[in-house]
Amino acid sequence: VEIETAKRAAAQLAVKNHFPDDPRFVGIGSGTTIVYVVEAIKELGHDLSRVGFVPTGYQSKQLVINAGLVPIEFDALPDGVMVDIAFDGADEVDDELNCIKGGGACLYQEKMVAMRSKEFICVADYRKLQSRLLTKWPTVPIEVEPKAARQVMARLKVLGSKSAAGKGPFLREGAILKAGPIKTDQDFFIVDAPFPEPLLTSADLAGGTVANPVKGVWEVEELARTIKDINGVLAVGLFCGPTGPEA
Ligand code: DER
């Protein structure tokens with residue numbers, strides 16, 4: 001199936017099955033699949049004039065505004081009030097619904113909105129689903145305070161971050177028209193950290209299918225927590241599934 005068709009189909013199904021009848025706040029993620037989610041929300045034909053749509057960065061905010069939906073900034077949410085549901089994309093999803101996120105460098109606000117939501121609906125085409133993370137998507141995106149970037153990359157190397165060719169971690173450089181590293185919506189850098197082996201799921205460890213993981217082979221939640229503890233790291237592009245902690 002053609003990728004864009006698959007993205008649209010996933011978005012239509014997600015919205016049809018999960019959009020609430022009368023939500024107060026709805027989170028809107030970043031990337032390309034989310035465009036079809038917004039399209040599907042509009043096609044519902046509901047009166048959305050009283051719904052606040054919480055964006056997860058500049059791209060997401062423009063998408064909400066251009067769709068004629070009412071944007072509400074995260075810090076304008078009433079204290080103690082949760083977002084009813086958040087829709088977002090992902091770069092890879094494993095059997096336990098752990099996700100790699102950050103391919104679009106929007107992971108910080110995506111995580112804030114996801115963790116503030118009663119329900120998080122990940123919308124992803126068939127390419128993204130792998131039994132373990134880092135099977136096809138090669139790196140863990142990490143948002144880093146610029147002055148700490150070199151120190152964070154050195155720490156990641158110690159943790160075993162390197163590609164099969166022994167390269168990395170990498171500072172995400174600009175696209176064609178930007179020399180030097182890109183800046184996120186928070187004016188931070190993105191470090192992309194490769195690991196030589198796919199990330200284990202908690203079932204791998206519990207089920208004993210992987211007795212004693214070799215050095216440098218990580219389980220998703222443990223790696224997420226370990227990286228989050230490095231000074232200068234703002235957010236890690238590993239979203240732990242429904243059974244996992246807030247990593
Ligand atoms: O950055 C992210 O996590 C985004 O959700 C993004 O990577 C999803 O991308 P796509 O929908 O364009 O594949």
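Start at 1 and go down the list; that is how both ligands and their atoms are numbered.
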Under 4.0 Å, heavy atoms only, figure out whether ligand 1 is touched by the backbone of Ala90, its side chain, both or neither. backbone
May I ask you to identify the nearest protein heavy atom to atom 10 (P) of ligand 1, giving residue, atom name and distance to one decimal place in Å? Thr32 OG1, 3.4 Å
Flag the pair Glu92 and Arg127 as a salt bridge only when some basic side-chain nitrogen lies within less than 4.0 angstrom of an acidic carboxylate oxygen. no
Taking Trp218's backbone N and O only, do any of them form a donor-acceptor pair with Glu197's side chain (distance below 3.5 Å, no angle check)? no
Mind checking whether Asp88 contacts ligand 1 via backbone (N, CA, C, O), side chain (CB onward), both or neither, at a 4.0 Å heavy-atom cut-off? side chain
For atom 1 (O) of ligand 1, grab the closest protein heavy atom and report residue, atom and distance to one decimal in Å. Gly104 N, 2.8 Å
Heavy atom of the protein closest to atom 13 (O) of ligand 1 (residue, atom name, distance): Lys128 NZ, 2.6 Å
Ligand 1 atoms in contact with Gly31 (distance to a heavy atom under 4.0 Å): 12 (O)
Would you mind checking if Asp91 and Lys101 are paired as a salt bridge, meaning a charged N to carboxylate O distance below 4.0 Å? no
Minimum non-hydrogen distance to atom 4 (C) of ligand 1, winning option of Ala10, Gly89, Ser30: Ser30
For atom 5 (O) of ligand 1, the closest protein heavy atom turns out to be Lys101 NZ, 2.9 Å
Can you confirm whether Asp229 is buried at CG, in the sense that more than 12 heavy atoms of other residues, nucleotides or ligands lie under 6.0 Å from that atom? yes
Where Ala193 and Pro169 come nearest, the two heavy atoms and their spacing: CA-CB, 4.0 Å
Taking all non-hydrogen atoms of both residues, which atom of Arg172 and which atom of Gly103 are closest, and how far apart? NH1-O, 3.1 Å
Would you kindly check if the NZ (Lys) or CZ (Arg) of Arg116 is within the cone defined by 45 degrees around the ring axis of Phe74 and under 6.0 Å from the six-membered ring centre? yes
Look at Lys7 together with Asp125 and state whether they make a salt bridge at an N to O cut-off of under 4.0 Å. no
Looking only at protein heavy atoms, which one is nearest to atom 11 (O) of ligand 1, and how far off is it? Thr33 OG1, 2.8 Å
Atoms in ligand 1 with a heavy atom of Glu110 nearer than 4.0 Å: 1 (O), 2 (C), 3 (O), 4 (C), 5 (O)
Give yes if a backbone or side-chain nitrogen or oxygen of Gly103 is under 3.5 Å from a nitrogen or oxygen of ligand 1, and no if not. yes
Is any N or O atom of Gly102, backbone or side chain, closer than 3.5 Å to an N or O atom of ligand 1? yes
Looking only at distances, please establish whether an N/O atom of ligand 1 is found under 3.5 Å from an N/O atom of Asp91. yes
Does Arg132 come within less than 4.0 Å of Asp204, counting only side-chain N to carboxylate O? yes
